[in-house]
Each structure stands twice: as structure tokens, then as C-alpha cells.
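Each remark here refers to the structure printed beneath this line.
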Amino acid sequence: QFMIQGGDITSKDAPPEVKFGDGDLEYTISAEFVYPKYFHKRGQLCAARTGDELNPEKASSASQFYIVTGKHFTEMELDKMEKEKNIQLTPEQREAYMIEGGSPHLDGAYTVFGEVVSGMKVVDKIQFVQTDINDRPLKNIKIKSMKVVAK
């Protein structure tokens, strides 16, 4: 109940023992944080990236992405998070995190660039497949088709 990730360029037809997550193109994309307009509510499509210690500017991966599944938060949990992170969630964010769910701890640290508008049942099925110790699904899951619509 966090997210599912894809886009590792080495993953296509990789044998089961290969760990995913390090395969990427030879460039990154500058981070784009339009906080709080785009945030990590359930269903958001976001750019993955390497960690802060290797990537202090938080540049996005050129190929890897994730879709937020997240969890539902209580008002008390959100209050505590605001206090600990010294942030102020908007009423829209609070409502989304309580009703739809999400991963608010990622806000302002990863670029949100799209949203799943249909097919979250498929995302949920992927989220709960059996995985190995590295969180790689025991059986490969491939995106056979998708449709991107610009707004």
C-alpha cells in the first residue's frame, strides 16, 4: 500500500534472479515541484529517481516511474505529519489522503506528472502480487498497452 514502479530499461525479458531498479537512460530530467497543486494522492503517475545522497537536486529518472497506491490517513496522522515535517497540507490534500489515500511523505520530493484515470483495479492487482526479497514480482508483469491523454 505504497506504490508500484516500472520503467527499468533492463527489465524486458530479464531472468527472475535479476534485481530491478538500476537500469535507466544516461540522462535525468530536472525536478518539477508545483506544490501543492500536484501531490501524491492515489493514482498519481510520478517520476522515480535516485536517492538524495546521490541526487541532491532530486532530478527525475528518464525512464522509471511509479503509480501511487498509498494508504488512507486519519486526521490525527496528517496533523502529526504536518508537525514533524513542518508543512501545511491544503484542505484538498487532507481530503484526498483521508478519502482516496496516497503517500504524502513523497510530496515536494518527487515529480508528479500524470494520473491514472481508468484502470486502478489493474494497479491494485499488481500491488498485491507475490514478490521476492527485493520486491520484484515472482512472475514478470508487462505493460502491453496504455493510452496517454494530454489535458
Side-chain angles (χ1 to χ4, degrees), residues 1-73 78 81-82 84-97 100-129 131-137 139-151:
Q1 295 183 329
F2 174 43
M3 56 93 158
I4 63 169
Q5 185 166 329
D8 183 328
I9 61 169
T10 64
S11 66
K12 187 176 181 184
D13 301 319
E17 65 277 1
V18 173
K19 182 179 177 247
F20 291 157
D22 294 328
D24 208 349
L25 301 172
E26 298 294 318
Y27 64 94
T28 58
I29 301 167
S30 296
E32 296 177 30
F33 305 132
V34 187
Y35 189 87
K37 184 177 179 184
Y38 301 111
F39 56 94
H40 285 81
K41 68 181 179 180
R42 177 176 164 75
Q44 295 301 290
L45 181 60
C46 311
R49 64 176 178 82
T50 55
D52 291 353
E53 62 285 343
L54 298 174
N55 182 16
E57 57 283 332
K58 300 179 181 181
S60 299
S61 165
S63 66
Q64 293 196 45
F65 63 92
Y66 61 94
I67 300 170
V68 177
T69 54
K71 69 172 212 135
H72 292 86
F73 288 82
L78 294 174
M81 186 179 298
E82 283 181 325
E84 288 174 354
K85 293 184 92 181
N86 196 28
I87 59 169
Q88 181 68 47
L89 298 173
T90 67
E92 178 190 17
Q93 288 172 304
R94 292 182 72 84
E95 182 177 329
Y97 290 136
E100 298 172 52
S103 298
H105 64 284
L106 300 176
D107 288 346
Y110 292 81
T111 299
V112 176
F113 64 89
E115 183 173 6
V116 175
V117 293
S118 68
M120 276 305 288
K121 283 184 180 182
V122 174
V123 173
D124 288 334
K125 283 183 182 180
I126 293 168
Q127 174 182 226
F128 292 112
V129 299
T131 59
D132 66 16
I133 195 165
N134 295 310
D135 273 341
R136 177 182 170 171
K139 228 175 131 183
N140 283 343
I141 300 170
K142 296 183 179 188
I143 298 172
K144 292 181 180 176
S145 70
M146 75 170 71
K147 183 178 179 181
V148 178
V149 180
K151 285 189 174 186

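We count residues from 1, following the sequence as given. These numbers come from a predicted model, not from an experiment.
With contacts defined as side-chain heavy-atom distances shorter than 4.5 Å, the pair I29/F113 does not qualify. Inter-residue side-chain proximity for F39 and V68 is flagged as unmet; no heavy-atom pair is nearer than 4.5 Å. The closest side-chain heavy-atom distance from M81 to F73 is below 4.5 Å. The closest side-chain heavy-atom distance from H105 to K85 is below 4.5 Å. Residues M3 and F65 form no side-chain contact, since every pair of their non-hydrogen atoms from C-beta on lies 4.5 Å or further apart.
Y110 approaches H40 most closely through the heavy-atom pair O-CE1, 3.5 Å. For the pair V112 and C46, the tightest heavy-atom approach, listed with the atom from each and the gap, is CG2-SG, 3.8 Å. Smallest separation of non-hydrogen atoms from V116 and S118: CG1-O, 3.3 Å. Contact record, P137 with V129: CB-CG2, 3.9 Å, taken as the closest heavy-atom pair. Residues T111 and A31 come closest through the heavy atom pair OG1-CA, 3.6 Å. Residues Y97 and P104 share a closest heavy-atom pair of CE1-CB, 3.4 Å.
Judged as a side chain to side chain donor-acceptor pair (under 3.5 Å), and not counting sequence neighbours, K147 has no contacts. Listed by chain and residue number, nothing satisfies the side chain to side chain donor-acceptor pair (under 3.5 Å) test with Q1 (two or more places apart in sequence, or in another chain). R94 pairs by the side chain to side chain donor-acceptor pair (under 3.5 Å) definition with D79, E82, not counting sequence neighbours. Applying the side-chain contact (heavy atoms from CB on, under 4.5 Å) criterion to I9, with sequence neighbours excluded, gives L25, S63. By the salt bridge (Lys or Arg N to Asp or Glu O under 4.0 Å) test, E17 is found to be paired with no residue, residues two or more places apart in sequence or in another chain being considered. Applying the side-chain contact (heavy atoms from CB on, under 4.5 Å) criterion to V123, with sequence neighbours excluded, gives I4, I67, T69, M120. Here I133 pairs with nothing under the side-chain contact (heavy atoms from CB on, under 4.5 Å) rule; sequence neighbours left out. Here H72 pairs with nothing under the side-chain contact (heavy atoms from CB on, under 4.5 Å) rule; sequence neighbours left out. Residues passing the salt bridge (Lys or Arg N to Asp or Glu O under 4.0 Å) test with K12: none are found, sequence neighbours excluded. Residues satisfying the side chain to side chain donor-acceptor pair (under 3.5 Å) criterion with D13, sequence neighbours excluded, are K142.
T90 places a side-chain N or O within donor-acceptor distance of the main-chain N or O of Q93, the cut-off being under 3.5 Å. Put simply, the side chain of R136 gets close to the backbone of V18: a donor and an acceptor are under 3.5 Å apart.
For CG of L54, the number of neighbouring non-hydrogen atoms (other residues, nucleotides, ligands) closer than 6.0 Å is greater than 12. Within a 6.0 Å sphere centred on NZ of K125, other residues, nucleotides and ligands contribute 12 heavy atoms or fewer.
Note that CD of Q5 is 10.5 Å distant from OG of S11, once rounded to the nearest 0.5 Å. Interatomic distance, F33 CZ to D107 CG, rounded to the nearest 0.5 Å: 10.0 Å.
Under the salt bridge (charged side-chain N to carboxylate O under 4.0 Å, His left out) criterion, the residue pairs touching residues 40-67 are K41-E115, R42-D124, R49-D52, with sequence neighbours excluded. For residues 18-31, no pair satisfies salt bridge (charged side-chain N to carboxylate O under 4.0 Å, His left out), with sequence neighbours left out.
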